[in-house]
Structures are given as C-alpha cells and as structure tokens.
Amino acid sequence: MKTAAKDDAAKPVTITLPDGKTLSFARPVTGLAVAEKIGPGLAKAALAVKMDGELIDLMREIKKDSTVAIVTRKDPDALELIRHDAAHVMAEAVQELFPGTQVTIGPSIENGFYYDFAREQPFTTEDFEKIEKKMREIIARNEPFTREVWNRNEAIRHFKEIGEDYKAEIISDLPETEEISVYRQGKWYDLCRGPHLPSTGHVGSAFKLMKVAGAYWRGSSDNAMLTRIYATAWRDQKELDAYLRMLEEAEKRDHRKLGREMDLFHLQEEAQGSVFWHDKGFRIWKVMEKYIRAAQEKFGYIEVKTPQLMHSKFWEASGHWSKYRENMFVVPDVVPNTEEGAKLFKEEPKEFLALKPMNCPGHIQIFKQGIKSYRDLPIRMAEFGCCHRNEAHGALHGLMRVRQMTQDDAHIFCREDQILDETTRFIDMFVQTYKDYGFEDVSLKIATRPALRAGTDATWDKAEKALINAVESLQRAYTLAPGDGAFYGPKLEFHVRDAIGRSWQCATLQVDFVLPERLDATYIGEDGQKHFPVMLHRAVYGSFERFLGMLIEAYAGKFPLWLAPVQTVVATITNDADDYAQEVVSDLKKAGIRAELDIRNEKINYKIREHSLAKTPEIWVVGKREAEERTVAIRRLGGVSDANTNVDKQEILALDAAINKIITESAPPA
RNA sequence: GCUGUUGUAGCUCAGUCGGUAGAGCAUCGCAUUCGUAAUGCGAGGGUCGGAGGUUCGAAUCCUCUCAACAGCACCA
C-alpha cells in the first residue's frame, strides 16, 4: 500500500503547526499521526493535511520538516477534496452501470467537478438518476481511498490491457520524473495524482449531476469528442441548496431574458448574431456612446469613420485574408441575376469584397495620408466601428457573442518609448470608466503569441516584453494566457464575469509591431529617417453589445438613473390630474429626462406594480392634491422605509425642486 | 463547427395511449375615476420551428432540416 522510503529513518521530523507550535515525531509519521497527537477530536475530523501549502493524503508519510495544517470538513480546502473524490465515485458508478465506458480525466472545478468519458453512445440527462443512485451506494460502502505507486511501463501496459487507452496515453505523456500513482476505492481504481479523502463516505450526499456536454479529448477539436458530465458538490445540503438557489437567481438576471422583458432588444433567425435594438435598449447605447466619446475627448483621442466594405486586396495586404478569413464575411463583387430560377451569378465571381472584421487597417489608411512627424505622435484614433465576424454557430450567445458588433475601438500610433505612457493612460481611462459603471471584479490576462501569427519572433519578444513591463510597472495582478494573442500582437485582456460566473473579455489593449510595417505606415523621426510607429489597439467597453449585456446582468436590469432607459414615469391617480401630468412630463423632457406619461384609466396600484416590474427607477405619482399644489410624489424603485437614511417610500417635492433633483441625480458620472 | 437537450398564442407553460389545441399573463371591447405592487365582465388570437414520410387520422411516431439553449472548440 505504502512504499515508505528507507532514507534517514532514524532522524526525527519536526512539524510546525499553524499556530507556530512545533512537534517532533519519530519516523515514519503521517498527517493522521500529527492530528492524533494534537487531539482525538481533530484526528477524527481530519480529512487531509496541508504540508507547506500543498494538500496531501492523511496517510501519506511526511518525510521532512515542514509546516502542517490539518484539513477538516470546515476547511475551504475540503471542498476541493470532496469534489475530486466525487468525480472518482461518479467514474466508478458510470463504469459499473455502463461497462465498456473509458475514463479519462475528472478534475474538480469551481462549484463542482466533471468527468470526461469515452463511450460510443453519449450519456443523456435521463441517465443521471441511475448514476446518482449508484454513487450513493458507493459512498455508503465507505471504502477507503488507498494510494499505490506503480511502475510506469507496467502501468501503461496494464491500462492498455484493460481497454483504458486514454489513461495509458496520459501516463505515457507524463514526465519521466513523475511518480505514477493509482488510487483504489474498493474494487475500482484510477490513475490519479491525488490527494483524496480517507474514504468514499466522506464525499457526503450534497452533490448533484448537472449537465452533459461534449468535450474534445485534450481540448483540441482535432481529437475525438468525449462525453462530459458536469456535477456540483458541497460540504452539506445547506451549501448545495444555497448554490442551486443562486443559480436560479442568476437565471433571472440573464440579459437575454431581461432584454425581452424590458423591451431592450431582440434577436431573430434571419439575422443570427446581429441585434435588433429597440428604442429602450438603444437609449442605453446612446448614453454609453455619449459617455465614452466624452472620455475619449478628455484623454486626447480624435474620432474617425472608415468603410464597411473593402476589396480583398486590401485585406490581403493587412494579413487578414490569410490569417483571419474564416471569420470574415466575403461578398462577391458581381451584380446578381434577378431572373426567376436563374443562377444567382451569371458568371463565377472573380473579385471579392469583405465586411470589415476590424478597424485597424482602415485607421492605418488615415494615418498614411500625408507625412507624419515624430512630433505628431502619439495619434490616438478612435472609431465606433461596426465590425462583422463570422462566428461559429455554437459560439453565439445573446449580446455577449454576436456577429455584428460595434467596438469603442481606437488605435494609438506611437513611438516605442511611448508604449509605457500610453498603456498607463489607457488603464487610467479604463479604471475610471469601469468604476463609473460599477464593475469592480475585473481580472487581467496577458495573452502571448499564437501559433498562427504574423511578424518575426524578435518582434514578438519585443511586443510581449513591452506589455508585461507596462503592466508590471502598474503593480496590477495578472495571469498569462499563452498562445491567446491576436495574430499581429500580444494582448492585455480585461475580463468581467456575467450573472452565472462566466468570464468575458471586455476591455483590451494590444501591442502591434506588425501591421504598420505590413501596410507601410511610417513617420519621420528626429533623425530625418522613416520609422514604423508602434500601434496600440485598444477598446474600453470592448463592444457595445457585450458591455451592455454585462451591464444588464450586473444591475439585474435595475439601472442607475443615468443609464435607465426610462428614468421616470409620471402616473396619475385619476383623470383630474391628466393635464398637470402632461405638463410635468413635458417639463421633464425639456430638461432632457427620459420620462413617460401614464394617464391610463387604471388604479394607481396597477400602475405602480407595472412600472416597478419594468424596473423604472422613479415613479412620479400625481393626483388631484399634487395638481392643486404643483408638487409630485416620488416613489423610488425598491424604495422602502429605511430607518438609517430616513428615506421613505416616497418623497413629496415641489415640481421645480423635483425636476432639479432628477437632473442632478441623473447626470452621468463625470 | 462538435456533443447533448429543446422548439405549442406576444410571454410563461399544459396537452395522457395517435382521434384534429388549452391555461395564466399580455392585447382588444365595455363598465369602473380609484392615493402607492394585479378592478370586474366579455372578445379576438395558433399551418404546434420547417419539409417529407408512416397512418383512416400526427402537436404526438419516423427521416431530414433550421434555430435556440448548455458545454467543448474558437473569440470583443
């Protein structure tokens, strides 16, 4: 079971506990022994240990002096163990129920775990009940997880023999130095690095299979598609229930659902991935546009507009034709037949135009007009460019992933020594903007050179280094995403999470030493010679579509006053107040407020309910009394009596005061 | 694009064993003029995603196809 090493067996091991206390043990010593020494209660509750920050089995020998913390069920680390073990239990259940199914990998993930199986017939959700039942049986057996170390070649041979080709492949690809460990639970065993709980019983009962999905072996679409079962697992039923409830809540904030309910936009089959913006949705768009245009002016940008359709020769020069064509919409430059039943084109098209997938090459054309001096740099050229990208069907997702998008795009043409300043400047703009919109949880990624790319390795070295230096000088945490860069340069990506925790790239900054050279854009340097500028591609929102989608989810449709498509509805109690209400709305509109009038012959209760469900931030109620006194009764969304602020459900203000107040409160953040 | 699931009224959803489609909300009409989250009564509204097939008969069974959803791959 254990292959205890015979090295220095006589030397005692010193264990430092989290509170700083040290204990000395004669070898061999396990985590369990440490726990026992501390107390029998802890020994009973112990699931694993954290040795110098690394989780290991309770029964593994601790061979060297180290800091050891005992992990119990209360520990957040327990979750990872429970999930990983649940994956093993699920794999056993599946193999017991569906002989011939091969196991591959089954890691724990955020909120749960999954396991990828290879099987002719993919599983369906109808199999879930059976699998869950079998899992509960295995958990009830409470079989200990035991670790074995196998000989590498024997392990490969063995897994091949029993028909587990994927496992054999995993082992052959492990580095020679890696110990091949196998964990056993009763009769079943799996190649696994560990660690595990003491026994299957510790998995508990707070788990649930969630969904099946296809997943490529080793994440490559060239490989076979496996069938993946996703599940969630928690320490107890309460946690599981809370998680499931959270998912239900998240569903209610889904921007696709809210978009329909709030009449913001719609999508339809004939224009897959392109958005029909309704009046109310486009109002938010216009506020966003106004905001970012003001910011661009403040940060020294100029704004341009470039063509939508350009000849393929243009895209050949830019490199898009060879590196990006599969994502482009290509249009034959031929007049089509109009005769009924005739071929669409009289002749085979020879010339092609393409809808722009990016704005950069167009901006370079503007840069190239006339001669630029080093004194002109940096030039920050912005465009609300509408781009088309032929995204795979399966990739489309509401507003988050569309085929027609409008970017708040800009290209900064600068000298190499200006990269750092410009990056800093951009991040300032980004920080201010995201703060104003209320996005706090933004993560940074640096995406490096992809396999399919333009430019030399030396150029890439330079670009990647420039970006990393800039970010590091800002002292912001980031993660590396190797191979995820654009074909012309590395990217700095800013990711925001949607309602159910999916992360989407919004803002981006890309360093590009390639395109200006390809398209022969130059400036005259101090030395009187031609030089290629560096080009920084950057967007703050990313795309209006995605950013607006994120906003809807972040606010659950309850937009702050400055963004709300309808800022206030003036609702009457009886017809007696109709004239006054009309006057109020007219004054509000004159003041630039997005106000609506509700003089329908309905009860005030009905109106309040309807406009509250529509998430209108303010309802101005006017009855006979208000009309006579020239006041309004303001009811704010979600407004309830609040002892702290003394803000009641409503506030009665003189009309002038009320209008001044809403003007102030609905001003966009400066 | 790949794997799986789903598709019935504007929206949310029923529809049993194959016998020819139903509810709530919304809409429209009439009545009601009401003080902070649903006034009452009545009416209209569907090629059951599309095409083909099996059958005396298909929303229901079969084949193909389209789209949406979840995940994978790909990417703002």
Side-chain angles (χ1 to χ4, degrees), chain A residues 114 116 119 121-127 210-230 254 256-257 260-261 263 266-270 272 324 326-327 357-358 387 389-403 405-409 447 450 484 486 491 493-496 500 502 504-508 510 537-547 549-550 571-578 599-614 619-626 633-635 637-639 648-650:
Chain A
Y114 68 78
D116 286 346
R119 184 177 178 233
Q121 168 125 33
F123 298 105
T124 75
T125 41
E126 279 160 34
D127 300 321
M210 302 295 282
K211 50 201 175 193
V212 279
Y216 296 109
W217 167 237
R218 302 214 142 157
S220 166
S221 51
D222 298 331
N223 294 337
M225 178 151 281
L226 308 170
T227 151
R228 174 175 297 179
I229 299 180
Y230 279 95
D254 188 312
R256 293 164 299 187
K257 185 177 157 71
R260 186 170 52 238
E261 286 172 3
D263 194 19
H266 86 269
L267 296 155
Q268 65 185 53
E269 288 193 22
E270 297 85 349
Q272 284 170 48
Y324 204 75
E326 61 173 19
N327 285 305
M358 298 181 190
C387 295
R389 295 183 187 174
N390 197 350
E391 303 287 356
H393 285 81
L396 300 176
H397 183 91
L399 295 179
M400 304 304 191
R401 192 77 182 272
V402 292
R403 283 182 168 166
M405 60 167 164
T406 303
Q407 297 175 307
D408 64 321
D409 200 9
D484 280 353
K491 298 198 290 190
E493 302 178 355
F494 298 78
H495 290 255
V496 185
I500 60 166
R502 286 180 291 213
W504 299 91
Q505 180 190 320
C506 290
T508 179
Q510 305 165 13
H537 306 238
R538 43 105 291 165
V540 178
Y541 294 154
S543 78
F544 278 74
E545 285 82 359
R546 180 176 290 180
F547 196 80
M550 300 301 292
T572 51
I573 293 170
T574 66
N575 296 149
D576 296 338
D578 285 3
I599 54 172
R600 290 174 303 171
N601 178 14
E602 294 288 352
K603 285 179 144 180
I604 193 64
N605 283 314
Y606 182 88
K607 295 184 186 182
I608 296 279
R609 179 181 152 83
E610 197 175 276
H611 301 303
S612 298
L613 288 174
I619 301 169
W620 288 18
V621 177
V622 297
K624 208 170 166 184
R625 204 158 61 218
E626 285 76 11
I634 301 171
R635 184 195 162 104
L637 184 60
D648 205 341
K649 255 187 179 172
Q650 63 173 350

What's the gap between [N] and [M] when it is taken at their [atom1] atoms, as a whole Å value?
N: C66(B); M: A31(B); atom1: C1'; answer: 47 Å
N: C28(B); M: A59(B); atom1: P; answer: 32 Å
N: U20(B); M: G57(B); atom1: C1'; answer: 8 Å
N: U63(B); M: U6(B); atom1: P; answer: 14 Å
N: U36(B); M: C11(B); atom1: C1'; answer: 26 Å

Pairing string, 5' to 3', for RNA chain B - Watson-Crick or wobble contacts under 3.5 Å, brackets [ ] where pairs cross, | to another strand:
(((((((..((((.....[..)))).(((((.......))))).....(((((..]....))))))))))))....
Would you classify Thr124(A) as touching base, sugar-phosphate or nothing, given that sugar-phosphate means primed atoms plus P, OP1 and OP2, and contacts are heavy atoms under 4.0 Å?
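Sugar-phosphate, no base atom in range.
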May I ask you to say what Ala633(A) touches in the nucleic acid, namely base, sugar-phosphate or nothing, with a heavy-atom cut-off under 4.0 Å?
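The answer is base, as Ala633(A) lies within the cut-off (heavy atoms under 4.0 Å) of a base atom.
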Among C72(B), U12(B), C66(B), which nucleotide sits nearest the side chain of Arg260(A)?
U12(B)
Identify which nucleotide among C66(B), C75(B), A37(B) has an atom closest to any side-chain atom of Lys491(A), counting heavy atoms from C-beta outward.
C75(B)
Return the polar atom pairs (N/O with N/O) between nucleotides 14-16 of chain B and the protein under 3.5 Å, or none.
none

When you look at CD of Glu126(A), are more than 12 heavy atoms from neighbouring residues, nucleotides or ligands closer to it than 6.0 Å?
no
When you check the phosphate oxygens OP1 and OP2 of [N], does a side-chain N or O of [X] lie under 4.0 Å from one of them?
X: Gln268(A); N: A67(B); answer: no
X: Arg256(A); N: A70(B); answer: yes
X: Tyr606(A); N: A26(B); answer: yes
X: Arg403(A); N: A76(B); answer: no
X: Asn605(A); N: U36(B); answer: no

